[in-house]
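The model shown is predicted, which means the values in this text are computed figures rather than measured ones. Reminder, nothing fancy here: chain letters follow the sequence lines and each chain counts from 1.
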There are 2 protein chains.
Amino acid sequence: MTLIESTPVTAEAEDICVRAPSTHPRPDGDDRYTISEVAAFTGLTAHTLRWYERIGLMPHVDRSHTGQRRFTNQDLDWLALVGKLRLTGMPVADMVRYAELVREGEHTFEERQELLQQTRRDVRSRITELQDTLAVLDHKIDFYAGAHRASERAS
Amino acid sequence: MTLIESTPVTAEAEDICVRAPSTHPRPDGDDRYTISEVAAFTGLTAHTLRWYERIGLMPHVDRSHTGQRRFTNQDLDWLALVGKLRLTGMPVADMVRYAELVREGEHTFEERQELLQQTRRDVRSRITELQDTLAVLDHKIDFYAGAHRASERAS
DNA sequence: TAGGACCTTGGAGTGCACTCCAAGCAAGGG
DNA sequence: CCCTTGCTTGGAGTGCACTCCAAGGTCCTA
């Protein structure tokens, strides 16, 4: 299977996942996780996973014949991406917006790219802010270290 | 006035301020700012400034003869530090703890230093997280860019 | 000395992101 | 069959960090 003439399968997967070195708890094919398994893998609570689904932050999650959620590896990948976006401080509403764009299909590629580029700019300036703050912290820590040495000399 | 035998004045100032290149709106001596001036300088609202004082995040703020707040350059410096700490995501309760230590005097230098060192560690790992996230964002942005080029070739 | 902008307080309200609850259904072991 | 554990739902509750309100006092300029 080559990827020369078009990229439909790759695109579908890429829509959703982070394309990490595929380190899933179970191989594709018998990837049907219960909510508590996913909670254990992701560090989110079952409450939060249900809430994510309710607000539209998850693609529709598969159900067992009795109505219980069965998450897939793709769901795990999506949650990994959501986790990354959450780390950036992106509001949940914006993540929902991104999820909507994914659901709407490939014609939203451009808007998705723009959203991620904006996020990227936000993350970069956040990093700069934190580095500035680090300098202030270092300065004050040095001051306390100096004061400590001075009081030792005095005694 | 030399600083050889001890460091009381410097220490007092350093307790509070960020020791920036002293770029205050007014020179020391006639630094008596109203709450709305401070709001304008810091970007905080007057509400927030009053709230900071109520919860103990400000050293006692001076008052005019009629009871209105008059902030000093030192207050501005303290607010600059608080602003930096806030950027790190430090909870307000922890900042209040730090403010208490400052009020308690020099015998808390060590605990203050530890608190800042912990914060520093937090900031460093936060920066690392954000850099990882940046890599993920770049990867996905590249994907969308590639898809865009592919669709142009196809048309 | 009048008017408008600004200040004061305690307490209540807001928005976000969860977090939990009650009541009930379902699956597996002894 | 019972018991425990886990899952379901809508809706209510929590904690944080503000944010605003009402009612009244103050400051400045004309």
Side-chain angles (χ1 to χ4, degrees), chain A residues 25 30 32-58 60-72 75 78-79 81-100 119 122 126 129 133, chain B residues 25 30 32-58 60-72 75 78-79 81-100 119 122 126 129 133:
Chain A
D30 52 83
R32 291 174 62 74
Y33 309 100
T34 65
I35 198 166
S36 58
E37 284 171 330
V38 175
F41 299 146
T42 61
L44 299 167
T45 69
H47 296 303
T48 302
L49 288 167
R50 292 194 197 99
W51 180 66
Y52 276 5
E53 194 183 348
R54 255 193 286 182
I55 65 175
L57 188 47
M58 287 294 296
H60 246 39
V61 176
D62 211 24
R63 299 299 176 120
S64 75
H65 66 107
T66 53
Q68 298 195 352
R69 288 172 185 81
R70 291 295 177 259
F71 293 80
T72 64
D75 293 329
W78 171 255
L79 285 168
L81 174 60
V82 166
K84 287 291 183 193
L85 293 179
R86 202 172 46 125
L87 283 181
T88 69
M90 183 188 276
V92 166
D94 291 4
M95 293 194 271
V96 170
R97 174 73 188 132
Y98 184 77
E100 279 167 0
T119 304
D122 294 347
R126 187 96 188 77
E129 274 178 359
T133 302
Chain B
D30 51 84
R32 290 175 61 75
Y33 308 101
T34 66
I35 198 165
S36 59
E37 284 171 330
V38 176
F41 297 147
T42 61
L44 299 167
T45 69
H47 297 301
T48 301
L49 290 167
R50 292 194 196 99
W51 179 66
Y52 277 5
E53 193 182 351
R54 254 193 289 182
I55 64 175
L57 188 47
M58 286 295 296
H60 245 39
V61 176
D62 210 23
R63 300 296 177 121
S64 74
H65 66 107
T66 53
Q68 297 195 350
R69 289 173 184 79
R70 293 293 178 257
F71 293 80
T72 63
D75 293 329
W78 171 254
L79 285 168
L81 174 60
V82 166
K84 288 290 184 194
L85 293 179
R86 202 172 46 123
L87 283 180
T88 70
M90 183 188 275
V92 167
D94 291 4
M95 292 194 271
V96 171
R97 174 73 189 133
Y98 184 77
E100 279 167 2
T119 304
D122 294 346
R126 187 96 188 78
E129 273 178 359
T133 303

Given D62(A), which of R70(A), R32(A), R69(A) fulfils the salt bridge (Lys or Arg N to Asp or Glu O under 4.0 Å) condition?
R32(A)
Contact summary for A39(B) and A46(B), nearest pair of heavy atoms
CB-N, 4.0 Å
Map H47(A) and Q68(A) onto DNA chain C by nearest heavy atom, then report which one ends up closer to the 5' terminus.
H47(A)
When you measure from the side chain of R86(B) to the backbone N and O of V92(B), does any donor-acceptor pair fall under 3.5 Å?
no
Sorted by position of nearest nucleotide on DNA chain D, 5' first, the leading residue of T66(B) and P91(B) is P91(B)
Ignoring the backbone of R50(A), work out which of dT8(D), dT9(C), dG10(D) is nearest its side chain.
dT8(D)
Specify the separation, in whole Å, of atom CD1 of I35(A) and atom C1' of dG6(D).
11 Å
Do D75(A) and T72(A) come close enough that some side-chain heavy atom pair is under 4.5 Å?
yes
Hey, does R63(A) reach any base, or is it just sugar-phosphate, or nothing, if we go heavy atoms under 4.0 Å?
sugar-phosphate
For atom CZ of R70(B) and atom P of dC7(C), their distance in whole Å
8 Å
Could E53(B) and R50(B) be called an ion pair, given the rule that one side-chain N must be under 4.0 Å from one carboxylate O?
no
Most 5' of M95(B) and H65(B) on DNA chain D, judged by nearest nucleotide
M95(B)
At how many degrees, to 10°, do the end axes of the helix from dT1(C)-dA30(D) to dG30(C)-dC1(D) meet when each uses five pairs?
0°
Protein-nucleotide distance (I55(A), atom CD1; dG11(D), atom C1'), rounded to Å
16 Å
How would you label the contact of S64(A) with the nucleic acid (heavy atoms, under 4.0 Å): base, sugar-phosphate, or nothing?
nothing
Need one value for R69(B): base, sugar-phosphate or nothing, where a base atom within 4.0 Å counts as base even if backbone is also close, heavy atoms only.
sugar-phosphate
L44(B) CG to dT19(D) C1', in whole Å, measures 13 Å
With DNA chain C as reference, determine whether E37(B) or T48(A) sits nearer its 5' end, using the nearest nucleotide of each.
E37(B)
Nearest to the T34(A) side chain among dC7(D), dT19(C), dC18(C), which nucleotide is it?
dC7(D)
Please give, in whole Å, the distance from dT8(C) C1' to L49(B) CG?
14 Å
Taking CH2 from W51(B) and P from dC7(C), how many angstroms apart are they, rounded to a whole number?
20 Å
Compute whether any side-chain donor of one residue and acceptor of the other, for T119(A) and D122(A), lie under 3.5 angstrom apart.
no
Does Y52(A) place a side-chain N or O at less than 4.0 Å from the phosphate oxygens OP1/OP2 of dA17(C)?
no
What nucleic acid atoms does R86(A) come within less than 4.0 Å of, heavy atoms only: base, sugar-phosphate, or nothing?
sugar-phosphate
Do the non-hydrogen side-chain atoms of L44(A) and Y52(A) ever get within less than 4.5 Å of each other?
yes
From CZ of R32(B) across to P of dC6(C) the rounded distance in Å is 19 Å
